[in-house]
Amino acid sequence: MSWIRLLIKMIVHKPSSNVLSVLLLAFGVGIIALVSSLGKTLDNGFKKNVRGFNMVVGAKGSPLQLILASIYHLDAPTGNISLDEAKMLMEHPQVEKALPLSFGDNFQGYRIVGCTPAYPEHYDATLQTGVFWAKTMEVTLGALVAERTGLQIGSTFYGSHGLVDDFHVHDDMEYTVVGILNPTGAVVDQLIFTSLESVWDIHADHHHDHGAHDDDHHADHDHSDHDHGTCNHPDHQHDGKDDHQHGDHVHEDSSHHHKEGHEHSHADHSHDHNDPDHVHDHDADSGHHDHAHDDHDHSTCNHPDHKHGGKEITALLIQFRNPMAMMTLPRMVNTETNMQAALPAIEINRLFGLLGVGIQAVKVLAVLLIVLSAFSVFLSLLNTLKENQLELALVRVMGAGRFRVFGLMQGLAFLLSIAGTIVGFSIAFLGRWAIATFANEPYLMSGGYTALISENLILIPGVLVVGFVAALLPAIQAYTMNISKILARAN
Amino acid sequence: MIETQNLTFQYEGGTEMRFPDIRVDSNESLLILGPSGKGKTTLLHLLSGLLTPKNGSVKIVNQDIFSLKEKDRDHFRGQNIGVVFQKSHLIKALSALENVLMAQVASGEKTDSKKGALLLKRLGLEQQTYQKSYELSVGEQQRVAIARAVINQPKVVIADEPTSALDDAATKEVIQLLEQQAQDSHAALVIVTHDARLTNYFKNQVHL
């Protein structure tokens, strides 16, 4: 027998009011821990993956979209830029490092990125087995891709068009796995790497085969219609073309998946409409299949696939040679070229500024929960004191001093607080695990379990102080109680 | 042994109460008789140091308990005075044995569950050792309370109306148990009651 045992027995003996206190505490603690851990993981994931890139250059559109698409591979790209124009930047004296990326296809949802080995190497990725891609249609897999898809060296697969797993397969060009990378914890784990040429080839072929392809699968489909479906341009209205059932065409998928981007690209496109070539294309659309290709080329804003004269890339990741470039290069790109320059630092801060408000609001709510639980602990202890004052008086008759019964009340609060904290962190762990396991969001998957506690250590003394304060009045009442009176009244 | 001298007490706004001097040696018993309202409970609380007298002293084995600081007096009581109340208040969340052992915990003694179990066995409660205290009958609860009062081998055992709720047979049994247990630990036994039946059992009596 001991004091601790007495406390535990007292709590277990009448659990009802204590359970409420523990649960309120637990949810307060759990929500704070979970939300801050998720915020931290996202923040880390985003900051870690910038990896010293100062600027991203891509097609005009939303700068945030360009960053999300090119650095994090989360959003659809804004469009393509010409390789010739990009080369001008790559050779610019103020550019330390420039990595061209070309993407637009996926395998089982994992993006296939055309690039040079310098791109994964920038993220310190090393080969686990095999080699880096060298020839066209060879690929090297990020660690996570290999783990999740089960692809091995020598495996072959077909890419799907677009950036989400869909049913339009490039079944004419087969990729072969030649290497697998070690895990890095960075975005490159989730990517499939191939050469820029592979991406160009596959879409060049794809382009040429288009007629035949459509004949096979969509008898009443024509190119002009297909093209417009891809981008959902409100200004590409083709009156009287009722037979154009392009809603179910796979190309639709990749574009309407990302609404924000399109709002931005519209401006760009409507601008293009003013140039004479384009007007011509428009006319072509109203029925001439032969001219449809021009239009196609223009309007597939998300696909790096259609090249007519000059190779295209999707984005260019740039590291500056010196900070001065920050002042001049982005402005130059934005004003003097058809391309857009976006700064990761600025865009990510903007994104987290928005997210931060939400995270803060949830945390405030959770703190309110903890305050509420303090009231619950307070009332529960007052009740315990009222019900058990005779027992406490008895404990004093048996030799315990005043301070001991003060300690007993505080001990009850302490145990409730500890229980609430433990249950709370368990809830947070469970929630974290569930999100990592079921949400399948790459930026929420990476661990963070120890951070869940280590980042929230302050909650433990915090909750104990809350419990102490809540128990203060009941404990003082126990301390000052008149045992003679209580015993006399009880008989 | 326990000894009082010139004990007086006054509740706030009440009249002063005077108590006759008493002296009980170890292995001896004293019956304090008196009708309700004559200050029986007050005297019991004075003897056990739960109330502080206006004047006079209470000495237990030559220690004036009111010369001790409150904290020390609490501790002294836990070690030297066993109190049995009219209603044997037990801690409901605990078993019979745990209730007995609480007396050791509260007085800062090492707990000795063997000793506690043996004591319960001697009081005829072997079967009830691990039973929750609220599941016990009133008579069983009272015996647990007696065991709890004597587990620390106190110098004085004070019982407050131990028999008022019992029939004649049970009364005799409880008195015998109390005397037996008090003698086992060489304690002085003081019984405070209005129950006139007990006059037959004790040769030393004080009337309030």
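The structure displayed is predicted, hence computed values, not measured ones.
R197(B) CZ: more than 12 foreign heavy atoms inside a 6.0 Å radius. Annotation: Y11(B), atom OH; neighbour count of heavy atoms from other residues, nucleotides and ligands within 6.0 Å is above 12. For F19(B), the CZ atom sits in a packed shell: over 12 heavy atoms of surrounding residues, nucleotides or ligands are nearer than 6.0 Å. Other residues, nucleotides and ligands contribute at most 12 non-hydrogen atoms within 6.0 Å of the CD1 atom of I458(A). Enclosure of atom CZ in F414(A) is not indicated, since only 12 or fewer non-hydrogen atoms of other residues, nucleotides or ligands lie within 6.0 angstrom. In the displayed structure, K38(B) atom NZ is contacted under 6.0 Å by at most 12 heavy atoms of other residues, nucleotides or ligands. For I4(A), the CD1 atom is loosely surrounded, since the number of other residues' heavy atoms within 6.0 Å does not exceed 12. In this structure, K172(B) places its NZ atom where only 12 or fewer heavy-atom neighbours from other residues, nucleotides or ligands lie under 6.0 Å away.
Put simply, CZ on R489(A) and OG1 on T41(B) are 13.5 Å apart, with the number rounded to the nearest 0.5 Å. Distance check, rounded to the nearest 0.5 Å: NZ of K14(A) to NZ of K92(B) gives 7.0 Å. Expressed to the nearest 0.5 Å, how far CE of M102(B) lies from OG of S2(A) amounts to 9.0 Å. H89(B) contributes atom NE2, which lies 4.5 Å from atom CG of L390(A) (distance to the nearest 0.5 angstrom). In this structure, L6(A) CG and L101(B) CG are separated by 12.0 Å, a value rounded to the nearest 0.5 Å. Put simply, NE2 on H45(B) and NZ on K485(A) are 13.0 Å apart, with the number rounded to the nearest 0.5 Å.
When each of R148(B), K71(B), E161(B) is scored by its heavy-atom pairs under 4.5 Å with chain A, the top score falls to R148(B). In terms of heavy-atom pairs under 4.5 angstrom with chain B, the leader among I483(A), V397(A), V395(A), N482(A) is V397(A). Contact count versus chain B (heavy atoms, under 4.5 Å) is highest, among N388(A), V12(A), I11(A), L394(A), for L394(A). Put simply, of R5(A), M10(A), R402(A), the one with the most heavy-atom pairs under 4.5 Å next to chain B is R402(A). For the set T111(B), I91(B), L94(B), L50(B), the entry with the most heavy-atom pairs within less than 4.5 Å of chain A is I91(B).
Residue S484(A) touches chain B through both its backbone and its side chain, counting heavy-atom pairs closer than 4.5 Å. If you measure heavy-atom distances from E70(B) to chain A, the contacts under 4.5 Å come from the side chain alone. Contact annotation for L44(B): neither backbone nor side-chain heavy atoms come within less than 4.5 Å of a heavy atom of chain A. Using a 4.5 Å cut-off between heavy atoms, R396(A) touches chain B through backbone and side chain atoms alike.
For K9(A) against A93(B), the heavy-atom pair with the smallest separation is O-CB, 3.6 Å.
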